[in-house]
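Only one structure is covered here, and it is reproduced in the block below.
Below, all heavy atoms of this structure are taken into account, side chains as well, without hydrogens, waters or symmetry copies.
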Amino acid sequence: FIKPLGDGAMILMGGSEPPGATLAKLLDLVCDVELRFQERLAGANLRYGAAMGTRLGWGIAQGDVTAVRVPAERLEPAFSEEEARFARGLRGHAVLDYYGPALNLAKRLCDSARPDGICIDQSSFGSVPEHPYFRFGERRLKNLRGIASTLPVWFSRFDAGKARGAQESAKSDGPKR
């Protein structure tokens with residue numbers, strides 16, 4: 001589930017995988033989205049002659065969420081056919097939104113990570129994440145709105161140059177025989 005949120009987006013992943021496997025997939029997704037976002041904005045900057053920011057922040061937390069669902073037929077008058085098709089979920093219902101403490105926490109982490117960073121709630125995942133384009137260190141965040149205690153997180157900056165170089169190298173190597 002992906003929901004645009006003005007200056008951000010919520011990406012929701014579910015499943016029965018262990019937290020470490022889910023986190024690895026999320027970090028790969030962050031790299032992919034970061035690179036694509038920067039490419040698109042670079043093109044827009046050239047096309048429109050304006051410098052738009054290409055620096056994102058990411059917040060990752062895990063926990064229960066609640067889905068707001070409505071019968072799919074109720075979407076038709078309010079949404080275009082394409083929007084309604086995108087929103088349809090399981091069993092003829094459309095998921096319009098999610099809410100819950102995990103989403104609130106992810107939002108606060110995202111705000112703390114900007115620009116170019118990623119904050120991961122330590123209590124959501126069992127060990128320090130390993131990824132070739134992130135080097136995580138421990139931090140403690142204080143005074144997060146709606147969160148009473150000091151929060152231990154893993155924090156890293158995204159190395160777009162390193163990721164782009166590796167991506168281009170993989171493309172130029174071609175298929176292995």
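Counting all heavy atoms, side chain and backbone alike, Leu144 lies closest to Ser112 at CD2-OG, 3.4 Å. Closest approach of Ala106 to Ala61, counting heavy atoms only: N-CB, 4.1 Å.
Distance check: Ile118 CD1 to Leu109 CG gives 10.0 Å after rounding to the nearest 0.5 Å. Rounding to the nearest 0.5 Å places CH2 of Trp58 at 8.0 Å from SG of Cys110. Atoms CD and CD, from Gln122 and Glu138 in turn, are 4.0 Å apart once rounded to the nearest 0.5 Å.
Both Val30 and Val128 are part of a single hydrophobic cluster, where members link through side-chain heavy atoms under 4.5 Å apart.
Asp28 pairs by the side chain to side chain contact (heavy atoms under 4.5 Å, CB included) definition with His131, not counting sequence neighbours. Residues passing the side chain to side chain contact (heavy atoms under 4.5 Å, CB included) test with Ala24: none are found, sequence neighbours excluded. With sequence neighbours excluded, the residues satisfying ring pair (Phe, Tyr, Trp, His ring centres under 6.0 Å) with Phe136 are Phe134. Leu26 pairs by the side chain to side chain contact (heavy atoms under 4.5 Å, CB included) definition with Met13, Thr22, Ile60, not counting sequence neighbours. When the salt bridge (charged side-chain N to carboxylate O under 4.0 Å, His left out) test is applied to Arg145, no partner is found at least two apart in sequence or on another chain.
Judged by distance alone, with hydrogens and angles left aside, the side-chain atoms of Ser124 form a donor-acceptor pair with the main-chain N or O of Gln62 at under 3.5 Å.
Residues Leu103 and Lys107 have side chains not in contact (no heavy-atom distance under 4.5 Å, counting atoms from C-beta outward). By the 4.5 Å heavy-atom criterion applied to side chains, Ile120 and Leu27 are counted as neighbours.
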For residues 146-155, please give each side-chain donor-acceptor pair under 3.5 Å, one per line with the distance, not counting sequence neighbours.
none

